[in-house]
Amino acid sequence: MRVFVVNSGSSSIKYQLVDVVTEQVVLAGLLERLGQPGGDAADHVAGMRVVLDRLGSDAASIAAVGHRVVHGGSIFTAPVVIDDEVVAGIEAVSALAPLHNPANLAGIRAARLALPDVPHVAVFDTAFHQTMPAAASTYAIDRAIAAEYGIRRYGFHGTSHQFVAGRAAAVLGRPLESLKLIVLHLGNGSSAAAIDGGRSIDTSMGLTPLAGLVMGTRSGDVDPGVLLHLERAGLPVAEVDAILNSRSGLLGLAGSADMRDVTAAAGAGDADADLALDVWAHRIRHYVGAYLAQLGGLDAVVFTAGIGENAPDLRARALAGLQHLGLTLDAERNAERSRAPRIISPDDAPVAVLVVPTNEELAIAQAAATLVG
Ligand code: ADP
């Protein structure tokens with residue numbers, strides 16, 4: 001069974017044709033600069049026609065289309081087959097993700113036109129975290145204001161957290177329902193999730209993907225008073241937005257959003273880069289400790305995404321000093337380069353540490369396949 005996975009941005013369409021039985025990518029590609037001079041197409045509709053051309057005879061093998069949708073608000077708690085009502089629902093929560101949801105919808109509309117005879121499925125970044133208890137999802141602000149503006153913790157990267165948790169259980173040879181896990185998704189965007197018996201009970205991103213860990217260009221947690229302070233000092237909202245979303249994180253601290261640059265600079269003695277890594281690791285430990293407490297126990301910490309999968313030194317730096325919580329690495333296992341999900345803690349460690357490569361496209365394809373049978 002083949003699922004066509006679409007990740008539509010405001011000026012791009014990323015796509016993969018995935019065989020969910022063999023888990024192989026049959027075909028993958030990217031259209032960029034839609035609507036711009038010299039771009040790959042004039043808009044999403046034209047772009048989807050280009051994609052269909054590229055698919056050629058493979059288009060006939062598509063059993064379902066899986067769409068990545070960033071924000072499902074409080075409406076969507078699981079993947080859904082897309083109909084006009086679902087489109088309206090995604091539209092209704094677009095204010096919560098003004099950059100992403102309209103772009104995702106443009107992809108959905110174009111793909112439904114191009115492939116009208118197969119079911120289309122929306123898979124939401126937020127859905128997995130809808131199981132969080134109210135104590136974790138509620139911000140301590142005026143309840144009426146929160147209700148009026150939809151302000152609560154939603155969390156993101158849910159597709160990745162859920163996929164990685166499932167693979168971790170398989171590697172550990174134990175049912176997911178019996179496991180207390182902390183998943184650290186450390187990429188350009190980063191988030192931590194506390195997963196109890198396969199259900200998300202807390203996560204570090206919030207109303208938006210700005211909260212939590214130190215990211216490539218995003219600040220993660222700051223005192224909300226920082227925003228007020230900057231705005232009172234006369235900075236316009238758009239400027240404050242750009243500072244926190246686009247000019248903070250590793251970029252703000254060390255001058256590059258790319259973790260490889262930052263580690264290289266730190267290795268060469270750059271003090272700013274070294275501090276950036278300390279702040280990055282300090283924040284991760286903050287969440288590991290918090291989630292250990294929320295879970296009331298811990299079976300495994302799982303590293304995933306670009307940094308989590310590829311940077312043994314940074315995994316060690318993130319967990320440094322947590323031996324008293326049972327968190328230790330086997331130096332040789334940690335250093336090993338592999339694409340396979342694996343355990344990197346010693347056999348007798350009280351808490352397992354794993355590396356599990358994430359695969360959001362495969363996860364979306366599997367979710368769509370499960371839904372449409
Ligand atoms: P995205 O969130 O865009 O999907 P990725 O999950 O691909 O991002 O992660 C990108 C990040 O992973 C970048 O900061 C990159 O520098 C980092 N990364 C990839 N490989 C390594 C490595 N070997 N060492 C350190 N960082 C790495």
Side-chain angles (χ1 to χ4, degrees), residues 5-16 25 28 30 32 68 70 97 99-100 103-104 123 125-126 155-164 167 183-193 203-205 208-220 245-268 270 272-274 276-281 283-284 302-320 329 334-342 344 355-364:
V5 178
V6 176
N7 183 353
S8 174
S10 59
S11 66
S12 67
I13 298 174
K14 232 200 240 172
Y15 60 90
Q16 271 192 15
V25 178
L30 169 69
E32 290 179 294
R68 174 170 188 248
V70 167
L99 298 181
H100 293 107
N104 300 153
V123 181
D125 264 19
T126 50
F156 297 86
H157 288 148
T159 308
S160 174
H161 284 298
Q162 185 171 23
F163 176 84
V164 164
R167 297 253 151 154
V183 176
L184 300 171
H185 178 114
L186 308 175
N188 239 325
S190 298
S191 68
T203 190
S204 58
M205 285 177 167
T208 73
L210 180 55
L213 303 177
V214 175
M215 312 186 211
T217 64
R218 284 173 251 166
S219 60
N245 271 302
S246 314
R247 308 207 313 254
S248 291
L250 298 176
L251 178 64
L253 291 174
S256 171
D258 192 310
M259 187 51 115
R260 282 163 294 202
D261 296 341
V262 180
T263 46
D270 183 318
D272 289 344
D274 198 51
L277 295 181
D278 280 344
V279 176
W280 177 87
R283 189 76 53 80
I284 292 172
V302 190
F303 284 95
T304 192
I307 300 169
E309 292 167 25
N310 298 306
D313 294 354
L314 293 169
R315 291 193 292 259
R317 195 156 173 157
L319 298 184
L329 296 178
N334 184 37
E336 193 193 325
R337 300 232 152 248
S338 164
R339 295 298 305 154
R342 59 202 183 271
I344 57 169
V355 176
V356 176
T358 192
N359 188 337
E360 289 180 88
E361 289 77 16
L362 176 59
I364 290 169

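Counting convention: from 1, in listed order, for ligands and their atoms alike. Basis for what follows: all heavy atoms, side chains included, without hydrogens, waters or symmetry-related copies.
H161 and S191 share a side-chain donor-acceptor pair at under 3.5 Å.
Note that the CG atom of L210 and the CG atom of N245 stand 4.5 Å from one another [nearest 0.5 Å]. We find the CG-CG distance between D272 and L277 to be 11.0 Å, quoted to the nearest 0.5 Å. Atom-to-atom distance recorded for Y15:OH and N7:CG is 13.0 Å, nearest 0.5 angstrom.
Close approach of ligand 1 to G189 (heavy-atom distance below 4.0 Å) involves ligand atoms 2 (O). Residue-ligand proximity, A311 to ligand 1, at heavy-atom distances under 4.0 Å covers atoms 24 (N), 25 (C).
Considering backbone and side-chain N/O of R260, one or more are found under 3.5 Å from N/O of ligand 1. Considering backbone and side-chain atoms together, D258 places an N or O closer than 3.5 Å to an N or O of ligand 1. For the pair N188 and ligand 1, the shortest N or O to N or O distance falls below 3.5 Å.
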Exercise. Could you go through the side-chain contact (heavy atoms from CB on, under 4.5 Å) check for H185 and M205 one step at a time?
Key: CA-CA 11 Å; H185 178 114; M205 285 177 167; over 6 Å; no
Quiz item: side-chain contact (heavy atoms from CB on, under 4.5 Å) between V214 and S190: does it pass, once the steps are laid out?
Solution: CA-CA 7 Å; V214 175; S190 298; over 6 Å; no
Exercise. Dump the intermediate steps for side-chain contact (heavy atoms from CB on, under 4.5 Å) on R167 and T358, then the final yes or no.
Key: CA-CA 9 Å; R167 297 253 151 154; T358 192; over 6 Å; no
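Closest to atom 23 (N) of ligand 1, if we only count protein heavy atoms, is N310 O, 3.2 Å. When only non-hydrogen protein atoms are considered, atom 17 (C) of ligand 1 lies nearest to I307 CG1, 3.5 Å. Ranking protein heavy atoms by distance to atom 14 (O) of ligand 1, first place goes to M259 N, 3.0 Å.
Results of the side-chain contact (heavy atoms from CB on, under 4.5 Å) test with R68 over V6, T159, V5, D125 single out D125 as the only residue that passes.
The shortest heavy-atom distance from G216 to ligand 1 is not under 4.0 Å.
Relative to atom 12 (O) of ligand 1, the option among G187, G306, P357 with the closest non-hydrogen atom is G306.
Shown here, atom 4 (O) of ligand 1 is out of close reach of the protein: none of its heavy atoms lies under 4.0 Å off.
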